[in-house]
There are 2 protein chains.
Amino acid sequence: MTDIPVSTGADIFITKFSSYIDLSEQEQQIIEEFTRSSMTFDENQDIILESEKSSSAYLLQSGWAIRYKVVPDGGRQIISFLLPGDIFGFQESLFELSDDSVQALTPVTVHRIPAEKIAEICDNYTNLSLALTWARAREHAILTEHIVRLGRRNAYERLGHLLLELLHRLQLVDKAGQSDYFLPLTQEVLADTLGLSIVHVNRTLRKLRNDHMIELDPKTRRLRILDQEALSDVTGYDQSYLGQKEQPASSIQDAIGPK
Amino acid sequence: MTDIPVSTGADIFITKFSSYIDLSEQEQQIIEEFTRSSMTFDENQDIILESEKSSSAYLLQSGWAIRYKVVPDGGRQIISFLLPGDIFGFQESLFELSDDSVQALTPVTVHRIPAEKIAEICDNYTNLSLALTWARAREHAILTEHIVRLGRRNAYERLGHLLLELLHRLQLVDKAGQSDYFLPLTQEVLADTLGLSIVHVNRTLRKLRNDHMIELDPKTRRLRILDQEALSDVTGYDQSYLGQKEQPASSIQDAIGPK
DNA sequence: GCTGCGCATTTACATAGGTTACTCCTGATC
DNA sequence: GATCAGGAGTAACCTATGTAAATGCGCAGC
């Protein structure tokens, strides 16, 4: 949650996109512009999209959020995690489709991009608009993989697979070390994500610990994956759907502060 | 599979989009143009996307297809169904992301839209390009609902929910009656879609039949949903994510031939 | 009119995961 | 420093769903 202040918040997005495409000076300027103003949300606060159906988009600067739906019997299914560097709301909100909600899991800061700006970008900035398309396709791939996770893997595989995905997504935006990161999720959140009960998440987490796959301190919420290759193997994880290089360089940043 | 020949194949797409947006004469012409040539695929044949990474899109004119992924242990998870009127391949194929496959379940005919054409459309035709965005958002909503289905519903609810979704999606393109349609799916396909075993799909189908929720003749493959309201209730189904009006008019077409 | 194959169906049995209920810990509040 | 609430951890028990194996049926090929 506590970010090391970077020159401007734009870096995170530029870094992320640069894994796929290089933006021009001018395009980077545009992003900088957006990051000048921001909104913040508290833990557990709903991030409003409902009220304003005007189809703006949001850049997530820091913190974790979730997209989720509730089912009639009161259950909740978490659809996806929104992590720093993610962009959201730029397609769903346009239509009356998909009545899901977005909620902050930790304190969150976002930058708003008005609908007109998006249209302008699409019309005039090739690379940036391609980056948007890439982000959409990536989100699509992540949803697809979540479906496979839920449909065809057991609890152990689901958990391990998710923890690996989060590691690699966070690494892309320099929010994780080589093999560890801050995981601000309760077991209830994990359960609602993976279609399991809390009790079984607990059991499974214990098993992962006993198998020396992970270390997780419930106090500090620091997760360390002890053997990525072994865990990838047993969970059937293949990071290629995230569209990033293997093992992004761990950064000095990791040594100097919590992420 | 055997479609009543319509003037040109374009109708189906125009009808579908018209549920959201009205296309200009010229835009309708463009669609007509695409539908002049087509490719066909046999049952069980893979519909190639892999080989040509050139990011063309495809309009599905007739037949059923699936997007799926295989997991290391040999299992298969079906991500989504592609039905007549659907457009696919216009975002996934651009990138190296998401190594899923598309396969025909029945004989299928598609129309190809070259990448350049898509770009041209986005630049010059407001409504048509909005229709594309809408189609993307709708697909996103359907994936989201599939995640909820897999994560938070039991076998009975999953099956009923899916059968309702298919009914309503088919109705939008006049391929279903008020409450029945041709369902070319084996129980294995249903199992691979819903994250269940074949045996349990069989059990659950029987239960739906015994409860007088559905009628399904394995010979003719005709499915009839006997009480949509009751079934929607027990399965927690709410069609709003499909973005179409309730109960599209049943058509005369339904009376004169198989769909 | 056999033969074989794909698919639906059923039974018996095994197990992953759900449910309930309780304990323990820690940190916030009064 | 007592009380309370949220979260982790555990145990006992229950059930939805998976697995294995066998049967029957209809259709295609010979």
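Order of the sequence lines sets the chain letters (A, B, ...), proteins ahead of strands, with each chain counted from 1.
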Mind checking whether [X] and [Y] have side chains closer than 4.5 Å, heavy atoms only?
X	Y	answer
Lys16(A)	Leu83(A)	no
Gln77(B)	Val71(B)	no
Leu163(A)	Leu183(A)	yes

For a quick check under 3.5 Å, do His200(B) and Arg203(B) share a side-chain donor-acceptor pair by atom type? yes

Selection: residues 148-162 of chain B, any non-hydrogen atom under 4.0 Å of DNA chain C: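 Listed by number, there are none.
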
Near DNA chain C, which residues from residues 196-208 of chain B have a heavy atom under 4.0 Å away? Val199(B), Asn202(B), Arg203(B), Arg206(B)

For [X], enumerate each residue passing the salt bridge (charged side-chain N to carboxylate O under 4.0 Å, His left out) test, keeping only those at least two apart in sequence or located in another chain.
X	value
Arg152(B)	Asp192(A)
Glu157(A)	none
Arg149(A)	Glu165(A)

If you measure from NZ on Lys175(B) to CZ on Phe182(B), what distance do you get to the nearest 0.5 Å?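 Here the interatomic distance stands at 11.5 Å.
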
Salt-bridge contact Arg224(B)-Asp217(B) (side-chain N to carboxylate O under 4.0 Å): no

Fit a plane to each ring of Tyr237(A) and His161(A), take the angle between them on a 0 to 90° scale, and name the class: parallel (under 30°), tilted (30 to 60°) or perpendicular (over 60°). perpendicular

For Phe81(A) and Trp64(A), take the angle between the two ring planes, folded into 0 to 90°, and tell me which bin it lands in: parallel under 30, tilted 30 to 60, perpendicular over 60.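 Perpendicular: the ring planes of Phe81(A) and Trp64(A) meet at over 60°.
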
Terminal contacting nucleotides, 5' and 3', DNA chain D versus chain A (heavy atom, 4.0 Å): dG7(D) to dA12(D)

Using nucleotides 23-27 of chain C, report all nitrogen or oxygen pairs with the protein that are shorter than 3.5 Å.
none

Salt bridge (charged side-chain N to carboxylate O under 4.0 Å, His left out) partners of residues 181-190 of chain A, not counting sequence neighbours, each pair once: none

Roughly what angle, to 10°, lies between the helix axis at the start of the helix from dG1(C)-dC30(D) to dC30(C)-dG1(D) and the one at its end, five pairs per end?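 Roughly 40°, once rounded to the nearest ten degrees.
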
Residues two or more places apart in sequence or in another chain: which of them pass ring-ring contact (aromatic ring centres under 6.0 Å, His included) with His146(B)?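 So His146(B) forms no ring-ring contact (aromatic ring centres under 6.0 Å, His included) with any residue.
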
Listed by chain and number, what are the ring-ring contact (aromatic ring centres under 6.0 Å, His included) partners of Phe13(A), not counting sequence neighbours? none

Within this structure, what is the CG-to-C1' distance between Asn44(B) and dC7(C), rounded to whole angstrom?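 One finds 13 Å between C1' of dC7(C) and CG of Asn44(B), rounded.
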
To the nearest angstrom, the CG-C1' distance between Leu190(B) and dT9(C) comes to 15 Å

Counterpart residues, side-chain hydrogen bond (donor to acceptor under 3.5 Å, both in side chains), relative to Tyr68(B) (two or more places apart):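 In terms of side-chain hydrogen bond (donor to acceptor under 3.5 Å, both in side chains), with neighbours along the sequence ignored, Tyr68(B) is linked to no residue.
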
